[in-house]
Amino acid sequence: QVQLRESGGGLVQAGDSLRLSCSASGRTVSNLAMGWFRQAPGKEREFVAAISRSGVTTYYGDSVKGRFTISRDNAKNTVYLQMMSLKPEDTAIYYCAADVHWVVTTVQSRYDYWGTGTQVTVSS
């Protein structure tokens, strides 16, 4: 079992930056592919970013490419999502996810474990 806990969400203004953290326990995070997803009110959950076990390979959703950066510190069992130039349309609950089978994946259904999410609200 893997437990994931997100933190760092909050209310910010458009153009601001925010860093989300995802702390993992129950399994060494270096053995896990990690990802971030988000769900806005009335919308389906969508892919935001993914990072390989080693941290060498990263993928981003089109809407966040160039503004968000995913990273990981395996020594701290933590994954981060640095968000810059935030827009009101980035408002959503952000979820951290972990996968035990793949080296890296952007496919939501492949993730085995999920956190409970952290709210990010961007005002205009």
Side-chain angles (χ1 to χ4, degrees):
Q1 282 286 347
V2 177
Q3 292 78 43
L4 303 173
R5 183 169 61 90
E6 304 94 339
S7 62
L11 172 63
V12 297
Q13 293 186 332
D16 284 351
S17 299
L18 204 59
R19 189 178 79 159
L20 304 183
S21 298
C22 173
S23 177
S25 61
R27 187 163 180 157
T28 303
V29 73
S30 60
N31 294 326
L32 302 169
M34 302 294 294
W36 287 95
F37 293 79
R38 68 185 183 185
Q39 187 167 21
K43 295 187 177 181
E44 294 187 352
R45 190 159 56 186
E46 66 171 352
F47 169 71
V48 174
I51 189 166
S52 63
R53 296 180 183 183
S54 66
V56 171
T57 303
T58 57
Y59 296 100
Y60 296 93
D62 289 341
S63 61
V64 307
K65 207 170 292 183
R67 299 188 298 121
F68 290 11
T69 303
I70 187 171
S71 62
R72 63 193 300 159
D73 185 337
N74 287 342
K76 295 183 177 180
N77 257 21
T78 302
V79 176
Y80 304 97
L81 184 68
Q82 178 68 49
M83 304 184 293
M84 302 180 67
S85 302
L86 283 162
K87 305 175 181 180
E89 51 263 44
D90 293 319
T91 295
I93 299 174
Y94 284 72
Y95 297 91
C96 174
D99 176 73
V100 302
H101 302 292
W102 294 81
V103 173
V104 61
T105 181
T106 65
V107 180
Q108 186 172 167
S109 60
R110 290 177 179 167
Y111 282 88
D112 303 295
Y113 300 99
W114 294 82
T116 56
T118 185
Q119 176 72 48
V120 173
T121 303
V122 184
S123 63
S124 57

Identify the heavy atoms of R38 and A92 that sit nearest to each other, and give their distance.
-> CB-CB, 3.8 Å
State whether K65 and D62 are salt-bridged, where the test is any N-O pair (Lys NZ or Arg NE/NH1/NH2 against Asp/Glu carboxylate O) under 4.0 Å.
-> yes
Side-chain touch F47/Q108, heavy atoms, less than 4.5 angstrom = no
For W102, does the CH2 atom sit with more than 12 other heavy atoms under 6.0 Å from it, leaving out its own atoms?
-> no
Shortest non-hydrogen contact from W36 toward V79 | NE1-CG1, 3.7 Å
Set of residues satisfying side chain to side chain contact (heavy atoms under 4.5 Å, CB included) with respect to N74, sequence neighbours excluded | V29, S30, R72
Looking at V64 and V48, what are the two nearest heavy atoms and their distance?
-> CG2-O, 3.4 Å
When you look at OH of Y59, are more than 12 heavy atoms from neighbouring residues, nucleotides or ligands closer to it than 6.0 Å?
-> no
Identify the two heavy atoms, one from D112 and one from V100, that lie closest to each other, and give their separation to 0.1 Å.
-> OD2-N, 2.9 Å
F37-Y111 aromatic ring centre distance below 6.0 Å = yes
Parallel, tilted or perpendicular: rings of Y94 and F68 (30°, 60°) | tilted
Would you say the side chain of L4 lies within less than 4.5 Å of the side chain of M34, judging by non-hydrogen atoms?
-> yes
Does any N or O in the side chain of S23 come within less than 3.5 Å of the main-chain N or O of T78, such that one atom is a donor and the other an acceptor?
-> no
Please round to the nearest 0.5 Å and tell me the distance separating atom OG1 of T116 and atom CD of Q3.
-> 12.0 Å
Residues T106 and A50: closest non-hydrogen pair is CG2-CB, 4.5 Å
